[in-house]
J.: 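Pasting a structure below so you can have a look.
Whatever order the structure lists them in is the order used to number ligands and atoms, beginning at 1.
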Amino acid sequence: MKKISIISILLIALLSFSSCGKSFRDGAKEKGFNAGIALGAGTFLDPNVAKIIKENSYIVVSENCMKWANLRPNKTFWNWNDVDQLIKFADENGMQVKWHTLFWHRQNSNFISSNWTREEALAAMDEHITTIMTRYKGKIKEYDVVNEMFEEDGTMRKNVWYNTIGPDYIEHALIKAHETDPDAKLYLNEYNNEDKGNRKADAMFNFVKDLKERGIPVDGVGMQLHLDTSYSYVEEKIRRNIKRYAEIGIDISFSEVDIRMPTDNPAAYEEMQKERYLSLYKLAAENPNVKSVITWGWTDKGSWIPGEFPGKGNALMYDADGKEKPVYKAVKKFLCK
Ligand code: 9MR
């Protein structure tokens with residue numbers, strides 16, 4: 001009797017530990033890409049959270065603490081603490097850290113001025129790049145250099161850097177970043193840029209192709225992939241886009257993945273969400289130039305979605321109580337194969 005119960009406990013423990021004996025992140029690694037998670041500052045100091053991150057990530061990124069407003073609230077004070085803590089946690093657990101983001105139109109510091117001359121703006125840009133990339137040389141190997149540089153119609157977004165420096169602000173940032181740390185992988189990150197044939201996606205591809213042809217250092221393109229079950233999803237359009245980037249030697253990161261749905265009737269959308277998550281991980285496994293799949297958070301509790309899209313949520317693979325959802329189990333099963 002005692003023997004039977006010990007055996008059954010062992011069996012249950014074995015089954016619940018893993019269906020294949022591999023962690024989620026090792027399954028992804030074997031398929032050729034890094035699985036990752038975006039983290040709120042200090043969240044990983046909670047041992048229960050740390051356990052989930054360790055199971056699921058070989059790459060981590062900060063949700064906010066590397067942005068100007070958080071890192072440099074004024075001209076002279078740099079808040080390195082949150083970044084340093086994240087790097088320490090990552091180092092201790094065999095993970096890479098990705099920088100998000102050097103330049104963006106949101107979450108900027110008040111002292112960034114639209115009245116700057118081109119020279120003043122270039123000097124501010126250079127100072128930002130060299131201060132960060134010198135400090136973290138060899139520690140941070142991948143940077144989102146510019147985030148969200150296009151409008152939906154494919155024209156360039158008129159952010160403060162565009163307005164003060166001009167359209168060449170991106171190549172200036174890339175050149176300076178490469179000069180500061182030649183080993184760092186330099187990415188341009190964007191949303192709604194995953195489908196070949198979409199105006200923004202095509203504009204971005206042509207822009208990056210032109211940079212490559214002119215010898216400007218650029219290694220990768222981030223496709224944020226904040227998806228919504230109400231939008232159409234065509235796997236083939238994403239596949240074609242990934243492949244054209246492979247042809248010009250550009251890596252891809254699925255950089256901020258989540259798939260939101262209406263929260264009033266989640267059961268109606270869960271199957272669709274599962275298919276789309278699976279499709280993304282399959283695309284990553286199938287295409288060697290897809291280097292990472294990073295989810296924007298891990299649990300529905302901390303997700304940015306309900307704040308920005310009232311009535312939408314349920315977008316991640318762990319529920320609000322930190323429990324694995326069926327979608328997580330389905331993706332893990334695929335990664336285990
Ligand atoms: O998840 C981030 C949220 O906590 C911030 O309030 C928000 C502010 O703009 O930025 C969110 O992250 C964004 C990311 O940096 C760039 N892509 C879109 C993400 C969701 O808004």
J.: With heavy atoms of Glu148 as the reference, note each atom of ligand 1 found under 4.0 Å away.
T.: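 Selected atoms, number and element: 16 (C), 17 (N), 18 (C).
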J.: Is the distance between the ring centroids of Phe150 and Phe207 less than 6.0 Å?
T.: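 For Phe150 and Phe207, the ring centres are under 6.0 Å apart.
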J.: With heavy atoms only and a cut-off of under 4.0 Å, state how Asn64 meets ligand 1: side chain, backbone, both or neither.
T.: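 Side chain only.
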J.: Check Trp104 against ligand 1 and report side chain, backbone, both or neither, counting heavy atoms closer than 4.0 Å.
T.: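 The answer is the side chain of Trp104.
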J.: Does this structure show an ion pair linking Lys88 with Asp84, if we count only N-O contacts that are shorter than 4.0 Å?
T.: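 Salt bridge: no.
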J.: Hey, is Lys51 close enough to Glu55 for a salt bridge, meaning N to O under 4.0 Å?
T.: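 Salt bridge between Lys51 and Glu55, a charged N being under 4.0 Å from a carboxylate O: no.
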J.: Tell me, which protein residue and heavy-atom name are nearest atom 7 (C) of ligand 1, and how many Å apart are they?
T.: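 Checking every protein heavy atom, the shortest distance to atom 7 (C) of ligand 1 gives Gln107 OE1, 3.6 Å.
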J.: With a 4.0 Å cut-off on heavy atoms, is Trp296 in contact with ligand 1?
T.: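 Contact check Trp296 vs ligand 1: positive.
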J.: Indicate whether the side chain of Asn241 and that of Glu194 have a donor and an acceptor atom separated by less than 3.5 Å.
T.: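 Their side chains do not contain a donor-acceptor pair, so the 3.5 Å distance test is not met.
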J.: For Asn147 and ligand 1, does the shortest N/O to N/O distance drop below 3.5 Å?
T.: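 There is no such contact.
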J.: Measure the CZ-CE distance between Arg135 and Met133 for me, rounded to the nearest 0.5 Å.
T.: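 The CZ atom of Arg135 sits 14.5 Å away from the CE atom of Met133.
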J.: What protein heavy atom is closest to atom 10 (O) of ligand 1, reported as residue, atom name and distance in Å?
T.: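 In this structure, atom 10 (O) of ligand 1 has Lys67 NZ, 3.2 Å as its nearest protein heavy atom.
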J.: Among Glu63, Glu256, Gln224, which one has a heavy atom closest to atom 19 (C) of ligand 1?
T.: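 The option holding the nearest heavy atom is Glu256.
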J.: Can you list the ligand 1 atoms lying under 4.0 Å from a non-hydrogen atom of Arg106?
T.: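 Those of ligand 1 that fall under 4.0 Å from Arg106 are 9 (O).
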J.: Looking at Trp304, which atoms of ligand 1 are within less than 4.0 Å of one of its heavy atoms?
T.: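 Per the distance check, 1 (O), 20 (C), 21 (O).
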J.: Can we call the ring centroids of Tyr281 and Phe334 under 6.0 Å apart?
T.: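 No, ring centres 6.0 Å or more apart.
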J.: Are the side chain of Asp319 and the backbone N or O of Lys325 linked by a donor-acceptor pair below 3.5 Å?
T.: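 It does not hold such a pair.
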J.: Does the ring centre of Tyr143 sit less than 6.0 Å away from the ring centre of Tyr187?
T.: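 Not close enough - the centres of the two rings lie 6.0 Å or further apart.
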J.: Going by the atom numbers of ligand 1, which of them fall below 4.0 Å from some non-hydrogen atom of His100?
T.: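 Answer, ordered by atom number: 14 (C), 15 (O), 16 (C).
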